[in-house]
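The sequence lines fix the lettering, A, B, ..., with proteins before strands; numbering per chain opens at 1.
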Number of protein chains: 2
Amino acid sequence: MIQEATTLLKENGLKITQNRLDVLCVFLGSEKAFTLLDLEKIFSLKHDRSSLFRSLQTYYEKGILEKFCNATGTAIYTLNRHKPDCNGKSHFKCKDCETVVSLPNLPTEYLQLLGNNKMETMNLLIEGTCENCQNKNPETL
Amino acid sequence: MIQEATTLLKENGLKITQNRLDVLCVFLGSEKAFTLLDLEKIFSLKHDRSSLFRSLQTYYEKGILEKFCNATGTAIYTLNRHKPDCNGKSHFKCKDCETVVSLPNLPTEYLQLLGNNKMETMNLLIEGTCENCQNKNPETL
DNA sequence: TTGCTTAATGCAATTTGGTTGCAAATATAC
DNA sequence: GTATATTTGCAACCAAATTGCATTAAGCAA
Ligand SMILES: [Mn+2]
Ligand SMILES: [Mn+2]
Ligand SMILES: [Zn+2]
Ligand SMILES: [Zn+2]
């Protein structure tokens with residue numbers, strides 16, 4: 001996985017640093033979403049918050065990570081798994097296990113409801129409980 | 001319009017105060033979205049930020065206003081124009097004039113893509129340029 | 001391999017948006 | 001009008017994001 005991270009960094013013309021490798025491996029090894037605070041906890045001793053922040057920022061700018069806001073307005077990041085033809089960012093995020101799945105484009109019939117309003121960005125976040133977590137917590141909670 | 005505001009307050013069992021009337025009238029008189037900061041600017045001398053905040057909060061709890069986050073994670077509010085049967089919050093917001101229009105439910109065929117993942121909340125924000133603003137700024141920008 | 005140059009990092013400080021405790025002011029019911 | 005409960009202003013606080021700057025480290029060239 002560190003190999004994969006190294007390659008990605010090279011492909012994007014980024015210097016290979018411990019911070020960047022560490023951060024990227026978190027994402028490469030998981031389907032989950034992470035906030036800056038999550039990373040701070042993971043790397044509390046090893047890396048400073050500002051450096052983690054700057055790595056997230058860099059990855060976002062390079063399109064390696066996606067960034068969006070949860071219901072409370074906190075930025076959350078996930079590996080960008082969207083197809084290049086994607087017309088925006090659509091995700092389902094499990095409130096329990098934090099797993100994020102990318103969803104396909106909104107149907108064009110729906111977008112036609114915009115009429116002559118021109119779409120530039122679009123962001124859809126559906127939150128709920130994933131199949132796994134529903135089975136884990138049968139009736140409880 | 002102050003009449004309309006007064007009625008809304010009464011209907012919701014809220015005391016009629018200058019702050020609440022002022023805030024509500026901002027929304028009743030506009031199709032736009034406003035942040036707390038927007039209101040602070042409008043009422044800089046007349047009302048305190050914390051009171052504006054609490055009014056927004058109250059209106060949101062009563063379902064009079066909608067609250068969602070823009071791309072940068074800042075909370076924005078608009079008059080709630082969604083139908084009661086709405087399965088989530090979908091909006092188009094013009095980046096230029098800030099006008100917000102509510103969009104209908106996502107089509108059920110699309111939601112079926114979630115499979116057994118259970119939706120609890122959903123939030124769609126499409127940003128772009130409204131028809132009006134496109135015509136105002138023909139080729140410029 | 002060794003320096004040189006530039007970019008990345010750590011640390012501390014700052015900004016921004018959101019939120020709260022509390023005393024004073026105000027709205028409503030009596 | 002007065003009593004009571006609510007709302008407000010102010011100041012303080014909090015969380016997340018962001019920045020300036022001196023130090024350190026990565027990559028390249030000698
Ligand atoms: Mn998290
Ligand atoms: Mn605004
Ligand atoms: Zn889950
Ligand atoms: Zn517009």
Side-chain angles (χ1 to χ4, degrees), chain A residues 2 5-26 33-62 64-78 98 125, chain B residues 2 5-26 33-62 64-78 98 125:
Chain A
I2 201 158
T6 306
T7 307
L8 251 175
L9 285 170
K10 279 183 188 156
E11 283 174 3
N12 285 274
L14 295 172
K15 286 192 179 167
I16 310 213
T17 69
Q18 199 56 55
N19 184 302
R20 286 181 178 161
L21 287 173
D22 286 346
V23 169
L24 193 45
C25 284
V26 166
F34 297 91
T35 65
L36 176 56
L37 183 63
D38 290 332
L39 295 183
E40 270 186 83
K41 286 173 185 159
I42 297 174
F43 298 117
S44 49
L45 303 157
K46 199 170 181 190
H47 300 294
D48 185 76
R49 180 181 61 239
S50 64
S51 306
L52 297 169
F53 169 76
R54 284 187 269 231
S55 286
L56 290 172
Q57 190 172 242
T58 299
Y59 287 139
Y60 173 63
E61 284 162 2
K62 293 291 185 183
I64 295 168
L65 295 184
E66 293 189 86
K67 174 184 183 178
F68 46 98
C69 289
N70 64 17
T72 70
T74 308
I76 60 185
Y77 299 82
T78 56
E98 307 263 301
L125 181 59
Chain B
I2 203 160
T6 307
T7 306
L8 251 176
L9 285 170
K10 280 184 187 157
E11 282 173 4
N12 284 274
L14 295 171
K15 285 193 178 166
I16 313 229
T17 68
Q18 198 56 56
N19 184 302
R20 286 180 178 161
L21 286 174
D22 286 346
V23 169
L24 193 44
C25 283
V26 165
F34 297 91
T35 65
L36 176 57
L37 185 64
D38 290 332
L39 294 183
E40 270 186 84
K41 286 172 183 157
I42 297 174
F43 297 116
S44 51
L45 304 156
K46 197 170 181 193
H47 300 293
D48 185 76
R49 175 167 34 116
S50 65
S51 306
L52 296 169
F53 170 77
R54 284 188 269 232
S55 286
L56 289 172
Q57 190 172 245
T58 299
Y59 287 139
Y60 173 63
E61 285 162 3
K62 293 291 185 182
I64 295 168
L65 294 184
E66 294 190 84
K67 173 186 181 176
F68 46 99
C69 291
N70 65 15
T72 71
T74 309
I76 59 184
Y77 298 83
T78 55
E98 308 263 301
L125 181 60

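At the phosphate of D:dG9, OP1 or OP2 sits under 4.0 Å from a side-chain N or O atom of B:His47. For the OP1/OP2 pair of C:dG10 and a distance below 4.0 Å, the side-chain nitrogens and oxygens of A:Ser51 include at least one atom meeting the criterion. Phosphate contact (OP1/OP2 of D:dA25, side-chain N/O of A:Asn19, threshold under 4.0 Å): absent.
For the pair A:Leu14 CG and D:dC28 P, the computed distance is 13 Å after rounding to whole Å. For B:Arg20 and D:dT6, the CZ to C1' distance is 8 Å, given to the nearest whole Å. Atoms CG (A:Leu52) and P (C:dT9) sit 9 Å apart, rounded to a whole Å. Rounded to an integer number of Å, the gap from NZ of B:Lys15 to C1' of C:dT28 is 6 Å. The CD atom of A:Glu61 sits 11 Å away from the P atom of C:dA8 (whole-angstrom rounding). In this entry the distance linking CG of B:Leu21 with C1' of D:dT7 reads 13 Å, nearest Å. Atoms CZ (B:Phe53) and P (D:dT8) sit 13 Å apart, rounded to a whole Å. C:dT20 atom P lies 7 Å from atom CD of B:Gln57, rounded to whole Å.
Below the 3.5 angstrom threshold, one finds no donor paired with an acceptor across the side chain of A:Arg49 and the base of C:dG10.
Other residues, nucleotides and ligands contribute over 12 non-hydrogen atoms within 6.0 Å of the CD1 atom of B:Ile16. Within 6.0 Å of atom OH in A:Tyr60, 12 or fewer heavy atoms from other residues, nucleotides or ligands are found, so the atom counts as exposed in its surroundings.
Among the nucleotides C:dG10, C:dT19, D:dC10, the one closest to any side-chain atom of B:Lys67 is C:dT19.
The backbone N or O of B:Lys15 lies less than 3.5 Å from a partner atom in the side chain of B:Arg20, making a donor-acceptor pair. Side-chain N or O atoms of A:Tyr77 include none that pairs as donor or acceptor with a backbone N or O of A:Gln57 at under 3.5 Å. Judged by distance alone, the side chain of B:Lys62 and the main-chain N or O of B:Asn12 form a donor-acceptor pair under 3.5 Å.
Both B:Thr17 and B:Arg54 lie near DNA chain C, and the one whose nearest nucleotide falls closer to the 5' end is B:Arg54. Along DNA chain C, the nucleotide nearest B:Gln18 and the nucleotide nearest B:Ser50 are compared for position; the residue whose nucleotide lies closer to the 5' end is B:Ser50.
As judged by a 4.0 angstrom heavy-atom cut-off over every strand, A:Lys46 is placed among residues touching the sugar-phosphate backbone only.
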